[in-house]
> 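The structure follows.
The first residue in the sequence is number 1, and the count goes up from there.
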Amino acid sequence: MDKKDFDEYFTDKSLSVSQLERLQLTRTLVNEMYPEVQERVAYNMPGFYPKLATKSNQQLFLVQAQKNWLGIYGTDGLEPEDFATFIRQGVEVGKGSLRVPYDLNEEKFKSLLQFVMKHNFIRHGIELMHDKGKFSGNDKPQKTL
């Protein structure tokens with residue numbers, strides 16, 4: 001597989017419209033919630049990293065378009081029951097990953113991304129950076145949203 005530039009993942013003509021739209025929405029939502037995010041490719045997937053990340057494994061999450069679902073990677077330390085609200089919406093939980101249906105509504109999808117990002121800020125011991133109140137250093141992931 002040829003190495004791709006970060007932006008190429010979000011314009012890949014081999015992906016379906018729904019896959020591209022969800023990837024682009026992911027990027028937009030992350031940048032809205034955390035404008036200081038670093039965007040990098042890791043493990044042949046686009047990844048989002050905290051501004052203060054110093055290691056390649058300190059990602060907020062990695063994302064990959066699959067045929068029938070969007071893969072979110074980097075949910076280590078969370079249990080399936082932590083995602084109960086999202087499971088009822090069709091999200092499947094694997095070891096350190098999520099399978100997110102492409103038709104998950106935008107509000108629930110945003111809540112899911114925010115939940116994963118907050119968890120990973122805390123897991124990596126990186127202070128939650130915030131802009132315009134998007135994230136707060138005292139926030140802790142809630143078991144259900």
Side-chain angles (χ1 to χ4, degrees), residues 1-126 128-135 139 141-145:
M1 176 183 269
D2 293 333
K3 288 188 176 184
K4 290 184 185 179
D5 170 88
F6 190 88
D7 290 326
E8 288 179 272
Y9 287 93
F10 300 89
T11 58
D12 186 342
K13 301 290 186 217
S14 70
L15 298 176
S16 72
V17 171
S18 62
Q19 290 170 316
L20 276 174
E21 286 177 351
R22 188 50 55 133
L23 277 173
Q24 292 164 354
L25 177 62
T26 302
R27 188 178 193 186
T28 298
L29 291 173
V30 169
N31 279 281
E32 284 175 3
M33 291 185 288
Y34 182 53
E36 298 159 330
V37 71
Q38 294 180 43
E39 298 176 330
R40 304 184 209 163
V41 175
Y43 310 104
N44 290 320
M45 291 183 276
F48 300 94
Y49 290 79
K51 179 181 179 181
L52 300 177
T54 57
K55 299 176 185 171
S56 63
N57 66 347
Q58 290 180 312
Q59 76 271 0
L60 297 173
F61 65 90
L62 302 172
V63 64
Q64 187 173 50
Q66 302 291 341
K67 182 178 179 181
N68 297 313
W69 42 269
L70 184 73
I72 303 287
Y73 303 92
T75 61
D76 300 338
L78 290 168
E79 300 296 326
E81 56 268 14
D82 297 331
F83 295 101
T85 299
F86 304 108
I87 291 170
R88 288 191 290 275
Q89 300 294 314
V91 173
E92 295 178 26
V93 180
K95 186 175 181 182
S97 66
L98 302 172
R99 291 180 177 185
V100 182
Y102 286 114
D103 63 353
L104 181 66
N105 81 49
E106 187 174 328
E107 183 179 316
K108 280 288 185 192
F109 185 60
K110 182 177 181 178
S111 293
L112 176 64
L113 295 179
Q114 188 172 38
F115 178 75
V116 171
M117 289 169 62
K118 284 181 180 182
H119 166 74
N120 281 324
F121 269 112
I122 294 166
R123 180 170 73 101
H124 297 308
I126 297 173
L128 291 174
M129 303 299 289
H130 65 285
D131 179 46
K132 299 179 187 170
K134 304 270 192 283
F135 286 106
D139 288 347
Q142 301 298 312
K143 291 289 183 183
T144 56
L145 295 175

> From Arg22 CZ over to Leu29 CG, what is the distance, rounded to the nearest 0.5 angstrom?
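Here the rounded value is 8.5 Å.
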> Sort and list the pairs that fulfil ring-ring contact (aromatic ring centres under 6.0 Å, His included) and have at least one residue in residues 44-64, not counting sequence neighbours.
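Every ring-ring contact (aromatic ring centres under 6.0 Å, His included) pair that includes a residue of residues 44-64, provided the two are not neighbours, is Phe6-Phe48, Phe48-Phe61.
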> At what distance, to the nearest 0.5 angstrom, does CG of Leu78 lie from CG of Asn120?
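If I round to the nearest 0.5 Å, the distance is 7.5 Å.
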> Listed by chain and number, what are the salt bridge (charged side-chain N to carboxylate O under 4.0 Å, His left out) partners of Glu106, not counting sequence neighbours?
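Checked Glu106 against salt bridge (charged side-chain N to carboxylate O under 4.0 Å, His left out); zero matches.
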> Can Val91 and Trp69 be said to form a side-chain contact (heavy atoms from CB on, under 4.5 Å), step by step?
CA-CA 9 Å; Val91 173; Trp69 42 269; over 6 Å; no
> Could you pull out the closest heavy-atom pair between Ile126 and Pro50, with the gap in Å?
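Heavy atoms only, the tightest pair is CD1-CG, 3.8 Å.
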> What are the two closest heavy atoms between Ala65 and Leu23, and how far apart are they?
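Looks like CB-CD1, 3.9 Å.
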> Parallel, tilted or perpendicular, judged at 30° and 60°: which one describes the rings of Phe83 and Phe115?
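Answer is perpendicular, since the angle exceeds 60°.
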> Which pairs with one or both residues in residues 55-66 pass salt bridge (Lys or Arg N to Asp or Glu O under 4.0 Å), sequence neighbours excluded?
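Checked against salt bridge (Lys or Arg N to Asp or Glu O under 4.0 Å) - neighbours excluded - no pair reaches residues 55-66.
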> For Tyr102, what residues pass the ring-ring contact (aromatic ring centres under 6.0 Å, His included) criterion, not counting sequence neighbours?
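None.
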> Is the shortest side-chain heavy-atom distance between Met117 and Val30 below 4.5 Å?
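A side-chain contact under 4.5 Å exists here.
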> Rounded to the nearest 0.5 Å, what separates atom CG in Leu70 from atom OG in Ser18?
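The distance works out to 10.0 Å.
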> Can Leu98 and Val116 be said to form a side-chain contact (heavy atoms from CB on, under 4.5 Å), step by step?
CA-CA 10 Å; Leu98 302 172; Val116 171; 4.0 Å; yes
> Under the 3.5 angstrom rule, does the side chain of Arg27 hit a backbone N or O of Asp7 as a donor-acceptor pair?
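Absent.
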> Where is the tightest heavy-atom contact between Leu104 and Lys108, given as atom of each residue plus distance?
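Closest approach of Leu104 to Lys108, heavy atoms only: CD1-CB, 3.8 Å.
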> Checking Asn31 against Glu39: is there a side-chain donor and acceptor pair closer than 3.5 Å?
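Asn31 and Glu39 do have a side-chain donor-acceptor pair below 3.5 Å.
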> Over all heavy atoms of both residues, which pair between Met45 and Leu62 is shortest? Give the atoms and the distance, please.
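Scanning both residues completely, I find the closest heavy atoms to be CE-CD1, 3.8 Å.
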> For the pair Ser97 (side chain) and Ile72 (backbone), establish whether a donor and an acceptor sit closer than 3.5 Å, ignoring hydrogens and angles.
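No.
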> About how many Å separate CD of Glu21 and CG of Leu15, when rounded to the nearest 0.5 Å?
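With rounding to 0.5 Å, CG (Leu15) is 11.5 Å from CD (Glu21).
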> Please report the C-alpha distance between Gln114 and Lys110 in whole Å, then the side-chain angles of each, then the deciding distance to 0.1 Å, and finally whether the side-chain contact (heavy atoms from CB on, under 4.5 Å) criterion is met.
CA-CA 6 Å; Gln114 188 172 38; Lys110 182 177 181 178; 5.5 Å; no
> Give the minimum heavy-atom separation between Leu20 and Asp12, together with the two atoms involved.
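That closest heavy-atom pairing would be CD1-O, 3.5 Å.
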> Indicate yes or no: at least one non-hydrogen side-chain atom of Tyr9 is less than 4.5 angstrom from one of Val41.
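Contact flag for Tyr9/Val41 side chains = yes.
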> How long is the straight-line distance from CD of Gln38 back to CD of Gln59, given to the nearest 0.5 Å?
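One gets 12.0 Å once the value is rounded to the nearest 0.5 Å.
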> Say whether, by atom type as modelled, one donor and one acceptor occur between the side chain of Gln19 and the main chain of Gln66 under 3.5 angstrom.
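Present.
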> When you look at Gln58 and Leu52, which way does the side-chain contact (heavy atoms from CB on, under 4.5 Å) test go after all the steps?
CA-CA 9 Å; Gln58 290 180 312; Leu52 300 177; over 6 Å; no
> Has the side chain of Tyr34 got a donor or acceptor atom that lies under 3.5 Å from a matching backbone atom of Lys51?
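Pair found, side chain donor or acceptor close to backbone of Lys51.
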> To the nearest 0.5 angstrom, please state how far the OG1 atom of Thr28 sits from the CE atom of Met33.
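Output value for this atom pair is 10.5 Å.
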> Which one of Ile87, Thr75, Asp82 satisfies the side chain to side chain contact (heavy atoms under 4.5 Å, CB included) criterion with Val93?
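Going through Ile87, Thr75, Asp82 one by one, the side chain to side chain contact (heavy atoms under 4.5 Å, CB included) with Val93 is satisfied by Ile87 alone.
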> Test of understanding: with side chain to side chain donor-acceptor pair (under 3.5 Å), list the residues that count as partners of Asp76, not counting sequence neighbours.
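Listed in chain order: nothing, the list is empty.
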> Return the set of residues passing salt bridge (charged side-chain N to carboxylate O under 4.0 Å, His left out) with Asp103 (not counting sequence neighbours), or none when no residue passes.
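Not a single residue meets the salt bridge (charged side-chain N to carboxylate O under 4.0 Å, His left out) criterion with Asp103.
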